[in-house]
Amino acid sequence: MTPQQARAVYRALYDCWGPQHWWPGDTPFEIMVGAILTQNTNWSNVERAIANMKALDALDAERILALPEDRLAEALRPSGYFNVKARRLRAFCAWYVQEGGFEHLSGLDTETLRKALLAVHGIGPETADDILLYAFERPVFVVDAYTRRIFNRLGLLEEGLGYEEIRQRFEQALGPDMACFNEYHALIVQHGKTTCRPRPLCETCCLGADCPSNPLQDSGSES
Ligand code: SF4
């Protein structure tokens, strides 16, 4: 993927969908909680779980740790896998408090912070990068299943590439541009949810003119 190709897809998606205003959340900590809860579920379920946490006045690492585990799990129930997520969230909060919270963690360089996040129970690369990009505002490109699907279909990423390889390709193509990474990931999610779905809606796709997977491409010129 060349820088020109990466930027051209970005511009087309932005022109199509406009700014996405990510990540929804009132504080960096709320963004981190959302990044953990959104694993394997959709955002509306996360919003309900976060609303429950707010109703308990528990959207704070120390208050989460002080909640009985069953109460925390009950609050997280709308986000699915709530017992697993309660354990993950508690593990994350224990680490967060032990490391001195946002103020101390903000002082770490991105690679150190990324490694530390990946060492926390239940935090994989996508969740770590969501937290780095949207809560700590670091120039880290988030890769998800939508990214793979859209860019495989566009012929800009080969099938079977690992997470790190894909992340590096985007970061090399785009340069360390936090604002662009923020918007680009959100646009990819929007496009993957609405248009480049498992069964793609190529006839309405803003990337269709340059997509080798579009069955309608050039159909007009062949008649
Ligand atoms: S043209 Fe079709 S396959 Fe290609 S990106 Fe758009 S929706 Fe996906």
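Only a predicted model underlies this, so the values are computations on that prediction, with no experimental measurement involved. One-based numbering, in listed order, for ligands and for the atoms of each. Below, each value reflects all heavy atoms present in this structure, side chains not excepted, and no hydrogens, waters or symmetry copies.
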*Asks:* When you check the space around atom 4 (Fe) of ligand 1, which protein N, O or S atoms turn up under 2.8 Å?
*Replies:* Cys211 SG

*Asks:* Could you point out which residue of Tyr10, Phe151, Phe181 forms a ring pair (Phe, Tyr, Trp, His ring centres under 6.0 Å) with Phe170?
*Replies:* Phe151

*Asks:* Which one of Arg167, Gln168, Arg169 satisfies the side-chain hydrogen bond (donor to acceptor under 3.5 Å, both in side chains) criterion with Glu171?
*Replies:* Arg167

*Asks:* Let's go through Glu137 and Asn182 carefully: what are the C-alpha distance in whole Å and the side-chain angles of both, what is the deciding distance for side-chain contact (heavy atoms from CB on, under 4.5 Å) to 0.1 Å, and is it a yes or a no?
*Replies:* CA-CA 9 Å; Glu137 301 187 339; Asn182 175 317; over 6 Å; no

*Asks:* For Asp129 and Tyr163, does a side-chain donor sit closer than 3.5 Å to a side-chain acceptor?
*Replies:* yes

*Asks:* Would you check if the distance from the ring center of Phe29 to the ring center of Phe102 is below 6.0 Å?
*Replies:* no

*Asks:* Can you confirm whether Glu164 is buried at CD, in the sense that more than 12 heavy atoms of other residues, nucleotides or ligands lie under 6.0 Å from that atom?
*Replies:* yes

